[in-house]
Amino acid sequence: MDTITTVGTRGRVGEATPRIDGEPKVTGAFAYASDLHREGMLFGATLRSQVAYARIHSVDTSGAAATPGVVAVMLGSDVPGKNRFGLNFFDQPVLAEDVVRYSGEPIAILAASTPGIARQAIGRIAVELEELPGVYDMEKALAPDAPRLHEFGNVLRHVHIVHGEPDTAEADVWVDGYYETAMQDQAALGPEAGLAVPAEDGGVDLYVATQWLHVDREQIAPCLGLPEDKVRLHLAGVGGAFGSREDIHMQIHACMLALRTGRPVKFSYGREESFHGHVHRHPSRIWMRHGANRDGRLVTLDVRLMFDGGAYASSSPAVVGNAASMAAGPYEIPNVRIEGTVVYTNNPPCGAMRGFGAPQVCFAHEAQMDKLARALSLDPVELRLRNAVSTGSVLPTGQVVTGAAPVRELIERCVAIPLPEPEPDRGRDLMHYPGGAGNVTHGEGIRRGVGLAVGYKNVAFSEGFDDSATARVTLARTPDGPEAEIHTAAVEMGQGLYTFLTQVVRTELEIDRVELHAIDTLIGGAGSTSASRQSTMAGGAVQMACAAVREALYGRARARTASVPPGAELALGDGWVTCDGAPLVELGDLLDEPVSCEAVYHHRPTGNLDENGQGDIHVSFAFAAERAVVEVDEDLGLVRVLQVAAAIDVGRVLNPLGLTGQIEGATAQGLGLGLMEEVQLRDGVISNPSFTDYLIPTILDMPPVVSVAVEDPEPGAPYGLKGIGESPTIVATAAVVAALRDATGRELNRAPVTPDELVGLRGPATTSGPPPIPEVPGQKSVPFYFGMSSGQQKIM
Amino acid sequence: MRVSLTVNGVDRVVDGVEEHESLLHLLREHLDLFGTKNACEQGECGSCSVYLDGVLVCSCLVAAGQAEGGTVTTVEGLSDDGILDPVQQAFIEAGAVQCGFCTPGFVLAAHDLLRHVPDPDDAQIREALSGNLCRCTGYQKIIDAVHRAAGR
């Protein structure tokens, strides 16, 4: 049942190291969650609401229950424990009982002997609903007469940040802008799946693709009415995540049915259900007003931003905290006011996606920087260089940037990357024109544009979270030599974490053979694989555990050999303990019993926002700059991206292959939001839940990404590293759309940009001005003041 | 119904196949060949690519019954007793694998391209692999892998 990994034998930190799971992934042997199977298992299916907001009058399951092959049907009233879960607040029903608040909300589940029977039986559940007038617009959610979707109203969190004197600051030049970004889907290729196996002790073992085993368990156990030690999670192979697996999807449903039937139950969503079964990137509306002096120094900034959180909280409070605190971009601005609101609506819930609030504000502040450069008749590169933050800069929250912040170098290195070779307008291969094989232009009406974007992302969880990570390293003797095993609950979802962890062990213990223990909740938590944090956190924990193993080995060496003089320096090298550089004892001779050490890594503590939005809330920052070059067919609005140049703040290169792969893949997701990706809603109902209708970049859409890694070690981080999973995504959307503006001269204030906008058939997104500031009890989430919370803090 | 076919060189007779089932379902649910992936079931992503009688197909778009008497090669059939196909080896070396969910489909599509075009240029690779979606890599390393495999 374990995912397959091979024993890695080469690669230290900094060296190009092949993936530890590469071979099973290319042969098809790697077991993803959707590949799990057990003798006698049942197949689960979910009945989901087709409408966004309705009162449930009755649910008749008799037709489904009578279907041959159906073993159990369960409703909200059958939830054994508490019928609520959630990442930040337990506000979401496992199965809706009285009301559904979004289209796609689960109402009933069943288990049957085949997937076909399960699907068929779902169609035989009769639900009587009374549709209610819903809220589908984030600004309308603020209206006094809007339907109240939760007992505490529709405002989930409002963040208020004031720094300096924004109300009275004077400037020579002002630019105003309004920006919108769409709901984006993570579109991980592996749909949600998992297998729950009932255990003899009355508990359950759940094999699932997730980003954070322990936070899943913390939500699952109370809903099952079980103590946490009876709910054991095991990581199944993860087919990508990008934030979509931070929230619960099929976990509780599968466990409920397994405990009810006494048989293993597997859920494996299809693509359409996947669109309904996970949270998405928040749609945003952002109003910005920048003031600057003639010399190009930013003086003041006013921001109003709104995020649509959808029907349930998920991680929206943290997302809007991020978006608000980073809305000024990586620039020094002495006077700032930021008002950020996330509201409940009857749209599908939004939560984590790569960038976590930063891509939306980057799209806005970078458009503003270009506008300002034009207003000042200043080179946009120069404007950014003049205002870029550096170590010691003060952010709008009052937080001082204490770590590495090579923003100027990133900008300079990015724009120094050679532009793509000019191509003749006529006579190219068709594939080198916008529209490609569509054969729509032979060179007429082609406009080229170049756009730059700079942005940043907080690394690890913020606002007081102590998201620590645990790891155990065990060194044992094997016939092939000393071999270390790493045990952690940290999740690999494709980014290369496990390969890196083996590099850490090889570096710290000077051995070759390293393997991974199965990933489960039998060890302490590692926190989420998200927020660009897991290389730092799990890597830090493994490094610490290795240090403890090393000390234990030295102790054994001293005890074994009488010849170690006091004060002599012991070290590891080539499978030996050395004393002042000379071989002392072979590791194998010290390993009659294995050495096993566990360690917990914490990042530095952070604080909360005070009443003015001031606080040391972020751990550290990763910066990025990207430049996009595009061609637009101005008659048809078709786009070809020729190149993306990227300069990324990496701290330290850990694995060159993995690094460029992350930069290229993260850039692709940002490009997707710029050009094509939008979850489209009509009255809260997703109208394009498929890969036929929701487009993600193909190999024909992606240009070469030419990247440079800027190494400026982060003080205090293991090996000086910075996570880089998110920063390229954040800047890519803004860079691509900036290039489109440059090519067309149009405003293009909404992402994704459509062909209609590029040719002028559709104008820019409009606004009647920023909405009023909602009254809230404080900077924390509104439900918090009503006594609601999850236990996330407890498990960290 | 019963479907008889040859999969990865082995004759198989599968009973109890339902009429609505696809070749993808037959491989995964009846033959426990999980290397062929289900990611969209609309022929958009190529994750379920297999050879059917020597032709690369999206197995999600082929009814199981259509494979009657046919010869199927899946990703499991590309490697031989632990010896990887050059395309598989190249995908590992080039860093073309991240989460890996799309990899079986890409490996087969690249394998098919190289059968027809032994030394493709970037444009030929992009065109040949345009029916496969990858969400992790941004595709550059996949292109690198195909070039690398072409030399072998």
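Per chain, numbering begins at 1; letters A, B, ... match sequence-line order.
- Contact of B:Ser79 with chain A is made through the side chain alone, with heavy-atom distances under 4.5 Å.
- Neither the backbone nor the side chain of A:Ser268 comes within contact range of chain B; no heavy atom of the residue lies under 4.5 Å from a heavy atom of that chain.
- Residue A:Phe242 touches chain B through its side chain alone, counting heavy-atom pairs closer than 4.5 Å.
- Of the two parts of A:Phe275, neither the backbone nor the side chain holds a non-hydrogen atom closer than 4.5 Å to a non-hydrogen atom of chain B.
- If you measure heavy-atom distances from B:Lys141 to chain A, the contacts under 4.5 Å come from both the backbone and the side chain.
- Between chain B and the options A:Ala187, A:Ala668, A:Gly240, the largest number of non-hydrogen pairs under 4.5 Å is found for A:Ala187.
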Please evaluate residues B:Tyr51 and B:His111 with respect to the criterion ring pair (Phe, Tyr, Trp, His ring centres under 6.0 Å), reporting the C-alpha separation (whole Å), side-chain torsions for both, the decisive distance (0.1 Å), and the verdict.
CA-CA 10 Å; B:Tyr51 284 119; B:His111 187 270; 5.7 Å; yes

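- With salt bridges taken as basic N to acidic carboxylate O contacts below 4.0 Å, none links B:Glu18 and A:Arg119.
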Please walk me through it: do A:Asp701 and A:Arg640 pass salt bridge (charged side-chain N to carboxylate O under 4.0 Å, His left out)?
CA-CA 7 Å; A:Asp701 298 305; A:Arg640 172 186 173 221; over 6 Å; no

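- If you check the side chains of A:Gln669 and A:Thr729, you find no donor sitting under 3.5 Å from an acceptor.
- The contact between B:Cys45 and chain A is made entirely by side chain atoms (from C-beta outward), counting heavy-atom distances below 4.5 Å.
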side-chain hydrogen bond (donor to acceptor under 3.5 Å, both in side chains) for A:Glu664 and B:Gln140? Distances and angles first, verdict last.
CA-CA 7 Å; A:Glu664 290 156 8; B:Gln140 187 60 51; over 6 Å; no

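- Heavy-atom distances place both the backbone and the side chain of A:Thr698 under 4.5 Å from chain B.
- In this structure, the portion of B:Ala94 lying under 4.5 Å from any heavy atom of chain A is its backbone and not its side chain.
- Using a 4.5 Å heavy-atom threshold, the side chains of A:His278 and A:Gln186 count as touching.
- Top candidate by heavy-atom pairs under 4.5 Å with chain A, chosen from B:Gly77, B:Cys136, B:Gly35, is B:Cys136.
- Heavy atoms of B:Gln98 lying under 4.5 Å from chain A belong to its backbone as well as its side chain.
- Interface check for chain A: of the options B:Val87, B:Val97, B:Thr103, the most heavy-atom pairs under 4.5 Å are formed by B:Val97.
- Counting heavy-atom pairs closer than 4.5 Å to chain A, the top residue among B:Val75, B:Thr36, B:Val107 is B:Val75.
- For the pair A:Lys266 and A:Phe43, the cation does not sit on the ring face, since its NZ or CZ is not both under 6.0 Å from the ring centre and inside 45° of the axis.
- Within 6.0 Å of the CD atom in B:Glu127, the count of heavy atoms belonging to other residues, nucleotides or ligands does not exceed 12.
- If you measure heavy-atom distances from B:Glu76 to chain A, the contacts under 4.5 Å come from both the backbone and the side chain.
- Residue contact with chain A, scored on non-hydrogen atoms closer than 4.5 Å, involves the side chain of B:Leu84 exclusively.
- Of the listed residues A:Met431, A:Gln662, A:Met493, A:Met702, the one with more heavy-atom pairs under 4.5 angstrom with chain B than any other is A:Met702.
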B:His30/B:Glu21 under side-chain hydrogen bond (donor to acceptor under 3.5 Å, both in side chains): CA gap, chis, key distance, verdict:
CA-CA 10 Å; B:His30 293 274; B:Glu21 288 190 272; 3.0 Å; yes

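- For B:Glu29, the part lying near chain A is the side chain, with the backbone staying farther off; criterion is any non-hydrogen pair under 4.5 Å.
- Side-chain contact annotation: A:Glu626 with A:Thr667, donor-acceptor N/O pair under 3.5 Å present.
- Taking chain A as the reference chain and counting heavy-atom pairs below 4.5 Å, the highest number among B:His25, B:His20, B:Arg135, B:Gln42 is found for B:Arg135.
- Ring geometry for A:Tyr32 versus B:Phe101: interplanar angle over 60°, hence perpendicular rather than tilted (30 to 60°).
- Interface remark: B:Asp85 contributes no atoms to any contact with chain A (heavy atom separation under 4.5 Å).
- Residue contact with chain A, scored on non-hydrogen atoms closer than 4.5 Å, is absent for B:Leu33.
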Between A:His37 and B:Phe34, does the ring pair (Phe, Tyr, Trp, His ring centres under 6.0 Å) criterion hold? Intermediate values first, please.
CA-CA 10 Å; A:His37 51 111; B:Phe34 293 105; 4.6 Å; yes

